[in-house]
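These figures come from a predicted structure and were not determined experimentally. If you read the sequence from its start, that first residue is 1, and numbering goes on from there.
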Amino acid sequence: MAKNQSRTPGRDVRGGKGRGQRPAAGRPSRQPAGRGARGEKGRGTAARTGTPRRDARDRSDLIEGRRAVEEALSCGMPLRSALVQERSGERDQALERIAAQLEDAGVPVERVPRARLDALSSHGAHQGVVVRTRPFEYAALADVIAAAGDGDALVVVLDHVTDQGNFGAIVRTAEVVGAAGVVVAKARAASVGVGAYKTSAGAVMHLPIAQVSNLARAIEELQAAGFWACAATEHAEQDVWHAPLAGRLALVMGSEGEGISRLVSERCDFACRLPQRGRVESLNVAQATTVLCYEWMRRTVSETGPDA
């Protein structure tokens, strides 16, 4: 990877309401990147009437869906047990293959009715298999910074994104574009559970995810490590096409309903938005993150070359 270039001294790249502070003296050079778009309100999963549901806190050790289970097996994730839908009249060869893989890996497999899997599923898309694993082990912020190395890098910071589907989709995008990690809040935010495993297609197992108690302080630590912090907000003056978007970037995305909080926004160096021509208010947070991550990747690749 090419070394990160310094920003022109005194140049103001901030836009809109995502106001930040100029780099303090002695801070490692950081190259800005930016974009903007606030996520629209994500829809939660409604409980099915008449079907008892486990509390969400009790489902954080479950993985559902065939692809996510296969990912868990392929990466050697320790699995405690598995529930597989009992055989019906027609044999589901793909499901039976997964059941055989689980048994070969030494995972106890129990055949259960579909209704039991429905009761455990976060969104009814278990595809006939649910496995129980150990609770997810979060990384430390220092681990994410270490994974970023010294060159161009992307870290996605989520300011209280609450929907597990959005969270999982964001982690999937971050992993695909080669981000160093994702940073989330410990409280009032989606955590790695069955929904995130499913929508991330197993990406949560391949990317450091750090839980922090103070997002503003985490941003300051990323800045001290050479990152420019960009607040993605529809209120920014500059759009993604005109933002200085490459290098070491901490991309801050807001919650589905409230966007980025004032305190977190004030810690960012600049803000950016996604342009739009249509009438819908904005993309949701997962869609917006995908656009912004790929723009960072495009700019970074164009500056360093595809083999960097």
Side-chain angles (χ1 to χ4, degrees), residues 12-21 30-42 144 152-163 165-185 189-190 212 215-216 218-220 222-223 227-278 280-300:
D12 188 359
V13 298
R14 299 167 289 165
K17 296 183 179 179
R19 298 185 299 275
Q21 302 169 350
R30 300 182 269 118
Q31 187 164 7
R35 356 186 165 133
R38 191 190 63 163
E40 73 183 15
K41 194 168 185 177
V144 173
D152 298 341
L154 173 68
V155 173
V156 179
V157 181
L158 303 183
D159 186 2
H160 295 92
V161 169
T162 57
D163 182 78
N166 284 335
F167 175 44
I170 289 169
V171 173
R172 182 176 185 173
T173 293
E175 200 282 329
V176 168
V177 303
V182 175
V183 179
V184 300
V212 298
L215 285 172
I219 291 172
E220 291 177 346
L222 288 166
Q223 289 169 329
F227 286 85
W228 290 95
C230 169
T233 169
E234 62 190 5
H235 303 297
E237 293 177 2
Q238 61 183 350
D239 63 32
V240 61
W241 316 129
H242 298 92
L245 222 150
R248 290 173 75 79
L249 173 68
L251 174 64
V252 183
M253 304 299 299
S255 68
E256 293 88 348
E258 302 300 326
I260 298 176
S261 67
R262 180 187 59 80
L263 184 60
V264 169
S265 178
E266 289 175 351
R267 291 297 187 278
C268 294
D269 297 293
F270 62 100
C272 216
R273 61 178 170 81
L274 290 176
Q276 67 180 74
R277 293 181 175 179
V280 177
E281 181 182 358
S282 64
L283 299 178
N284 72 26
V285 65
Q287 294 168 328
T289 303
T290 297
V291 175
L292 300 178
C293 284
Y294 268 94
E295 179 62 13
W296 170 85
M297 183 181 181
R298 184 187 70 82
R299 301 255 191 121
T300 300

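- In this structure, the side chain of W296 engages the main chain of G247 through a donor-acceptor pair within 3.5 Å.
- Between V252 and C230 there is no side-chain heavy-atom pair separated by less than 4.5 Å.
- Between the side chain of Q223 and the backbone N or O of R267 there is at least one donor-acceptor pair closer than 3.5 Å.
- L215 contributes atom CG, which lies 8.5 Å from atom CG of L158 (distance to the nearest 0.5 angstrom).
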Check your understanding: How far apart are the C-alpha atoms of T290 and T173, what are their side-chain angles, what is the distance that settles it, and do they pass the side-chain hydrogen bond (donor to acceptor under 3.5 Å, both in side chains) test?
Key -> CA-CA 6 Å; T290 297; T173 293; 2.9 Å; yes
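- Separating the CZ atom in R172 from the OG1 atom in T289 is a distance of 14.5 Å, to the nearest 0.5 Å.
- Here the straight-line distance linking atom CD1 of I219 with atom SG of C268 works out to 4.5 Å at 0.5 Å rounding.
- The two residues V157 and A250 make their nearest non-hydrogen contact at CG2-CB, 4.5 Å.
- Under the 3.5 Å distance criterion, the side-chain polar atoms of Q238 are matched with a main-chain donor or acceptor of A271.
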Practice item. Go through the steps to decide whether V212 and V183 satisfy the test side chain to side chain contact (heavy atoms under 4.5 Å, CB included), and finish with yes or no. Key: CA-CA 7 Å; V212 298; V183 179; 3.9 Å; yes
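- Atom CD of residue E237 and atom CZ of residue R273 lie 9.0 Å apart, to the nearest 0.5 angstrom.
- Annotation for F167 and V184: closest pair CE1-CG1, 3.7 Å, computed over non-hydrogen atoms.
- Among S255, S265, S261, the one residue that satisfies the side chain to side chain donor-acceptor pair (under 3.5 Å) test with D159 is S261.
- The nearest pair of heavy atoms linking T300 to A246 is OG1-CA, 4.1 Å.
- Looking at R248, its side chain never comes within 3.5 Å of a backbone N or O of D152 through a donor-acceptor pair.
- Closest of all the heavy-atom pairs between A286 and A169 is CB-CB, 3.9 Å.
- With M253 as the partner, the side chain to side chain contact (heavy atoms under 4.5 Å, CB included) test is satisfied by one option alone out of I260, I170, V285: V285.
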V182 and V155: CA distance, side-chain angles, deciding distance, side chain to side chain contact (heavy atoms under 4.5 Å, CB included) verdict: CA-CA 6 Å; V182 175; V155 173; over 6 Å; no
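- Pairing each heavy atom of A243 with each of R299, the nearest pair is O-NH1, 2.6 Å.
- With hydrogens and angles left out, the side-chain atoms of N166 and E256 include a donor and acceptor closer than 3.5 Å.
- We find the CD-CG distance between E234 and L274 to be 10.0 Å, quoted to the nearest 0.5 Å.
- For the atom pair C293 SG and L154 CG, the distance stands at 5.0 Å (nearest 0.5 Å).
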